[in-house]
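Heads up, the thing below is written out as structure tokens.
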Amino acid sequence: MAEKTIPILPCRTVQPVLDFYTALGFEVTFQQKSPNPYAVVERGGIELQFFGMKQYEPAESFSTCYVLTDDVDGLHAAFRAGLKAAYGRVPTRGLPRIGPLKDMSYGVRQFLMADPGGNCIRIGQQTSQDQHHRRAPEETYARALHHAALFADSKEDPAGAAKIIDRVLHLEDERPTPVQLLRLLVLRGDVAQRLGDNGTATTVLARATAVHLDAEERESVRDDLERLEELRS
């Protein structure tokens, strides 16, 4: 016996959603305009279905689904390239948007993207057999990074992430390592942009750029440095 789960996601109007997924390399395999707007997109083993709701508010959406893949880096690169070709840039805030690749504490490497309908598509690759959340580290700055990342990406609470980071960056009796400081500042700039706080974003991203790292440290935060360049562009 074989089963397949297909998410059916809402949107206000179908066509902008189809344009978005077409840019990602999906094929529109079905579209109905009346009496009820409905459409299906497919790419490889991924199938998503959408229905239109005139009173739907994308910015207030909680709709989400998870896509498992064995090549999350490849999909992320392909999606970014497709969006840049279609939009002239890689959209990283507002709707639609695509987020950075991150190694999560529960054994997956993933990225999040939101389509024009406000649907959050989480795409990840399992990196560990243990899918439980790791215990939060005891060390101050590692613990802050752990919790802030969860607030920003799993809970989608950028304001909560900002509070965590601001608190530890203002500690007077402890100092983060250069790697920790870089990661905290990049995440703070990321959530500031999501919150529309461009002044804070500019300040902390400039500070992140000035953090000195040796070659080994730069390699350990490669994803963060790529995100830094993206946020500053």
Side-chain angles (χ1 to χ4, degrees), residues 72-73 76-77 79-81 83-84 87-106 108-114 120 122-124 127 134 136-233:
V72 70
D73 287 75
H76 188 251
F79 287 178
R80 282 172 51 85
L83 291 173
K84 187 173 184 179
Y87 293 90
R89 61 181 180 85
V90 179
T92 59
R93 51 189 179 272
L95 293 176
R97 66 179 180 272
I98 185 169
L101 277 166
K102 290 193 175 182
D103 294 304
M104 307 304 293
S105 67
Y106 41 87
V108 296
R109 180 168 170 79
Q110 70 174 25
F111 66 95
L112 279 59
M113 64 182 187
C120 177
R122 301 165 183 261
I123 301 176
T127 56
R134 307 292 187 269
E138 295 297 327
E139 194 275 330
T140 300
Y141 295 98
R143 187 179 184 85
L145 279 165
H146 174 91
H147 287 303
L150 289 178
F151 269 77
D153 297 315
S154 293
K155 294 185 177 182
E156 296 221 31
D157 181 1
K163 289 179 181 178
I164 293 170
I165 297 169
D166 288 344
R167 180 183 63 81
V168 296
L169 288 180
H170 286 87
L171 292 176
E172 296 183 355
D173 56 343
E174 296 183 69
R175 291 289 183 270
T177 67
V179 164
Q180 290 172 331
L181 179 60
L182 183 283
R183 296 187 64 200
L184 284 164
L185 291 171
V186 171
L187 182 55
R188 185 63 180 89
D190 189 334
V191 298
Q193 286 195 358
R194 295 190 217 177
L195 292 166
D197 185 359
N198 293 328
T200 296
T202 299
T203 299
V204 297
L205 293 175
R207 186 179 171 191
T209 303
V211 175
H212 176 73
L213 301 172
D214 62 30
E216 184 177 348
E217 289 170 332
R218 292 184 67 84
E219 179 60 26
S220 73
V221 291
R222 182 175 54 184
D223 289 344
D224 300 272
L225 290 172
E226 289 179 357
R227 183 59 171 168
L228 173 59
E229 290 304 310
E230 188 172 77
L231 291 168
R232 294 184 67 231
S233 63

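In this text, all values refer to a predicted model and were calculated from it rather than measured experimentally. Counting from 1, the numbers follow the sequence of the chain as shown.
Residue Met104 holds its CE atom at 5.0 Å from CD of Gln110, rounded to the nearest 0.5 Å. Rounding to the nearest 0.5 angstrom, the gap separating the CG atom in Asp214 from the NE2 atom in His212 is 6.5 Å. Summarising the geometry, atom CZ belonging to Arg183 is positioned 10.5 Å from atom CD1 belonging to Ile165; distances are rounded to the nearest 0.5 Å. Put simply, CG on Leu101 and CD on Glu226 are 8.0 Å apart, with the number rounded to the nearest 0.5 Å. The distance from the OG1 atom of Thr140 to the CG atom of Leu145 is 11.0 Å, given to the nearest 0.5 Å. Note that CG of Asp157 and NZ of Lys163 are 8.0 Å apart. Values are rounded to the nearest 0.5 Å.
The nearest pair of heavy atoms linking Ala149 to Leu187 is N-CD2, 3.8 Å. Heavy-atom minimum distance, Leu231 versus Gln193: O-NE2, 3.0 Å. Of all non-hydrogen atoms in Pro158 and Leu195, the two that sit nearest each other are CG-CD2, 3.8 Å. Residues Asp153 and Leu112 come closest through the heavy atom pair O-CD2, 3.3 Å. Residues Phe111 and Gly99 come closest through the heavy atom pair CB-O, 3.9 Å. Nearest approach of Val168 to Tyr141, heavy atoms of both residues: O-CE2, 3.5 Å.
Using a 4.5 Å heavy-atom threshold, the side chains of Pro100 and Val186 count as separate. Contact annotation: the side chain of Leu150 approaches that of His146 to within less than 4.5 Å [non-hydrogen atoms, C-beta and beyond]. A heavy-atom distance below 4.5 Å is not found between the side chains of Glu217 and Thr177.
Remark: the backbone N or O of Pro137 is paired with a side-chain donor or acceptor of Arg143 at under 3.5 angstrom. The backbone N or O of Gly94 sits less than 3.5 Å from a side-chain atom of Arg97, completing a donor-acceptor pair. For the pair His76 (side chain) and Val72 (backbone), a donor-acceptor distance under 3.5 Å is absent.
The environment of CZ in Arg188 is crowded: more than 12 heavy-atom neighbours from other residues, nucleotides or ligands sit within 6.0 Å. Within 6.0 Å of CZ in Arg218 there are 12 or fewer heavy atoms belonging to other residues, nucleotides or ligands. More than 12 heavy atoms of other residues, nucleotides or ligands shown are found within 6.0 angstrom of CD on Glu174.
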Taking it one step at a time, do Leu182 and Leu225 satisfy side chain to side chain contact (heavy atoms under 4.5 Å, CB included)? CA-CA 8 Å; Leu182 183 283; Leu225 290 172; 4.3 Å; yes
Stepwise salt bridge (charged side-chain N to carboxylate O under 4.0 Å, His left out) check, Arg227 with Asp223: CA-CA 6 Å; Arg227 183 59 171 168; Asp223 289 344; over 6 Å; no
Assess the residue pair Ile123 and Phe79 against the criterion (side chain to side chain contact (heavy atoms under 4.5 Å, CB included)); give the C-alpha distance rounded to whole Å, side-chain angles, the decisive distance to 0.1 Å, and a yes or no. CA-CA 11 Å; Ile123 301 176; Phe79 287 178; 3.5 Å; yes
Would Leu185 and Leu169 count as a side chain to side chain contact (heavy atoms under 4.5 Å, CB included) if you check the C-alpha gap in whole Å, the side-chain angles of each, and the deciding distance to 0.1 Å? CA-CA 9 Å; Leu185 291 171; Leu169 288 180; 4.0 Å; yes
